[in-house]
Amino acid sequence: MEEKISCDGIHEFKLLLSCPSGLSPSQVSVVFNEAYDRIPHPDPFLEESIFEEWDARERLSSIYNRPKFRYGGYTFDVGNDPKQQPHVSLQLGLTDYRDFVGTNLSPIWERYLVPSEDDCIQCQHTSSPLGNGAVVETSDKKILVLQRSNRVGEFPGYFAFPGGNPEPQDVGIVSHELNQCRNSKVSQEMFDSIVCEVVEETGAPANSLSSPIFIGISQRVLNVRPIAFFFIKCNLQSDEIQQLYSSAQNGFESTQLYAVSMTDLDDMASTMPGCHRGGFALYKLMLQGANDS
């Protein structure tokens with residue numbers, strides 16, 4: 001299932017999971033368990049450097065530590081019955097923004113990796129929070145792309161799809177001790193959170209958006225950053241969304257919204273960070289699967 005695409009620097013990506021048919025909420029579940037938490041690195045210097053990196057960044061800007069869902073793998077069941085729908089179970093642990101800054105975003109991030117072809121083993125010492133992203137198609141068949149502002153923590157100034165992170169606190173999770181069989185709530189948060197991100201970043205109202213379908217997981221090779229991608233249709237035209245964007249709640253996270261054709265997106269995607277470039281690859285696989293069926 002894993003596919004690696006090579007290119008220069010930050011644009012390199014891996015497809016950890018591709019679901020070209022697109023999966024509805026009923027086809028995606030979550031196993032939230034401490035077994036998928038980050039394993040501390042045996043080198044005490046590397047563990048101490050997490051706190052040092054966080055303290056250094058905290059002195060330079062206003063950043064806040066919050067819990068995040070950690071990506072720990074998945075299981076994929078296509079079933080033996082041709083009529084049975086495929087199903088993905090995401091394996092998630094708990095991490096936080098401090099550990100993300102101190103491992104994945106650290107200048108020495110590669111030292112946290114374990115030599116292995118298995119991504120989960122390779123990244124067992126990194127925070128690897130599961131982000132989310134959406135390929136949003138307008139009613140006039142344009143795709144929404146944002147240019148990130150200088151106020152964001154990752155890749156300011158770059159083109160990217162709308163997205164962010166599912167939030168444990170939004171479903172009442174701050175630790176494993178308080179977890180009470182919340183797998184279904186976490187699963188729903190995967191879908192609810194991407195709708196919130198699109199609404200807050202583009203200004204498109206929630207009632208203009210279709211229910212998201214899950215199309216896979218892309219990983220930026222630089223910093224091994226995983227992102228779950230979704231496809232969403234918007235019943236508004238691109239010029240209507242452009243007008244709404246000016247009053248988007250989180251409009252400060254970007255400087256401009258573009259509504260682009262597939263041809264223009266091909267060019268634009270080549271300059272995206274790897275995880276978002278991988279999201280575009282997942283979208284193309286979805287379109288290819290629809291054409292083949």
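Just the heavy atoms: all of them, side chains too, but no hydrogens, waters or symmetry mates, feed the values below.
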Shortest non-hydrogen separation from Gly157 to Asn150 and the atoms involved: N-OD1, 4.4 Å
Interatomic distance, Gln242 atom CD to Leu144 atom CG [nearest 0.5 angstrom]: 8.0 Å
Pair Arg98 + Glu58, salt bridge at N-O below 4.0 Å: no
Shortest non-hydrogen contact from Ile194 toward Pro162: CD1-O, 4.2 Å
Chi angles and distances behind the side-chain hydrogen bond (donor to acceptor under 3.5 Å, both in side chains) call for Asn132, Ser193: CA-CA 8 Å; Asn132 59 23; Ser193 60; 3.1 Å; yes
Members besides Tyr36 in its Ile/Leu/Val/Met/Phe/Trp/Tyr cluster (side-chain heavy atoms under 4.5 Å): Val31
Salt bridge (Lys or Arg N to Asp or Glu O under 4.0 Å) partners of residues 27-46, not counting sequence neighbours, each pair once: Arg38-Glu47, Arg38-Asp99
Side chains of Thr126 and Thr103, donor plus acceptor under 3.5 Å: no
Rounded distance [0.5 Å steps], OG1 in Thr75 versus NE2 in His87: 8.0 Å
Over all atoms of both residues, closest heavy-atom pair of Phe13 and Gly278: CD1-CA, 3.5 Å
Counterpart residues, side chain to side chain donor-acceptor pair (under 3.5 Å), relative to Asp266 (two or more places apart): none
Test side-chain contact (heavy atoms from CB on, under 4.5 Å) applied to Ser24 - qualifying residues, sequence neighbours left out: Ser26, Gln27
Between Ser29 and Asn183, a side-chain donor and acceptor under 3.5 Å: no
is_close_aromatic(His176, Phe32), centroid dist under 6.0 Å: yes
Residue pairs, two or more places apart or on separate chains, that pass ring-ring contact (aromatic ring centres under 6.0 Å, His included) and touch residues 189-223: Phe191-Phe230, Phe214-Phe230
Tyr245-Ser254 side chain donor-acceptor pair, cut-off 3.5 Å: yes
Partners passing ring-ring contact (aromatic ring centres under 6.0 Å, His included) against Phe280 (at least two apart in sequence or in another chain): none
Parallel, tilted or perpendicular: rings of Phe161 and Phe229 (30°, 60°): perpendicular
Least distance between heavy atoms, Cys123 atom then Gln219 atom: SG-NE2, 4.1 Å
Candidate pair Ser89 and Phe76, rule side chain to side chain contact (heavy atoms under 4.5 Å, CB included), full reasoning: CA-CA 7 Å; Ser89 177; Phe76 189 75; over 6 Å; no
Hydrophobic cluster membership, Phe100 vs Ile50, 4.5 Å side-chain cutoff: no
Residues forming a side-chain contact (heavy atoms from CB on, under 4.5 Å) with Ala35, sequence neighbours excluded: Asn33
Rounded distance [0.5 Å steps], CD1 in Ile232 versus CD1 in Ile213: 9.5 Å
Within-4.5 Å side-chain heavy-atom neighbours: Glu52 and Asp55: no
Where at least one partner belongs to residues 210-232, residue pairs that pass salt bridge (Lys or Arg N to Asp or Glu O under 4.0 Å), sequence neighbours excluded: Glu154-Arg220, Glu154-Arg225
ILVMFWY network linking Ile215 to Met262, side-chain heavy atoms under 4.5 angstrom: yes
Contacts of type side-chain contact (heavy atoms from CB on, under 4.5 Å), residue Val101, not counting sequence neighbours: Glu53, Trp54, Arg57, Tyr97, Leu105
Side-chain H-bond candidate by donor/acceptor type, Tyr158 with Gln147, under 3.5 Å: no
side-chain contact (heavy atoms from CB on, under 4.5 Å) partners of Gln169, counting only residues at least two apart: Arg66, Pro67, Val174
Pairs involving residues 125-143, ordered by first then second residue, that meet salt bridge (Lys or Arg N to Asp or Glu O under 4.0 Å) (sequence neighbours left out): Glu137-Lys141
side-chain hydrogen bond (donor to acceptor under 3.5 Å, both in side chains) contacts in which one or both residues fall within residues 194-212, not counting sequence neighbours: Glu200-Asn250
Tyr74 to Leu17 - nearest heavy-atom pair and separation: CE1-CD1, 3.7 Å
Derivation and outcome, side chain to side chain contact (heavy atoms under 4.5 Å, CB included), residues Gln237 and Ser139: CA-CA 5 Å; Gln237 294 197 351; Ser139 62; 3.2 Å; yes
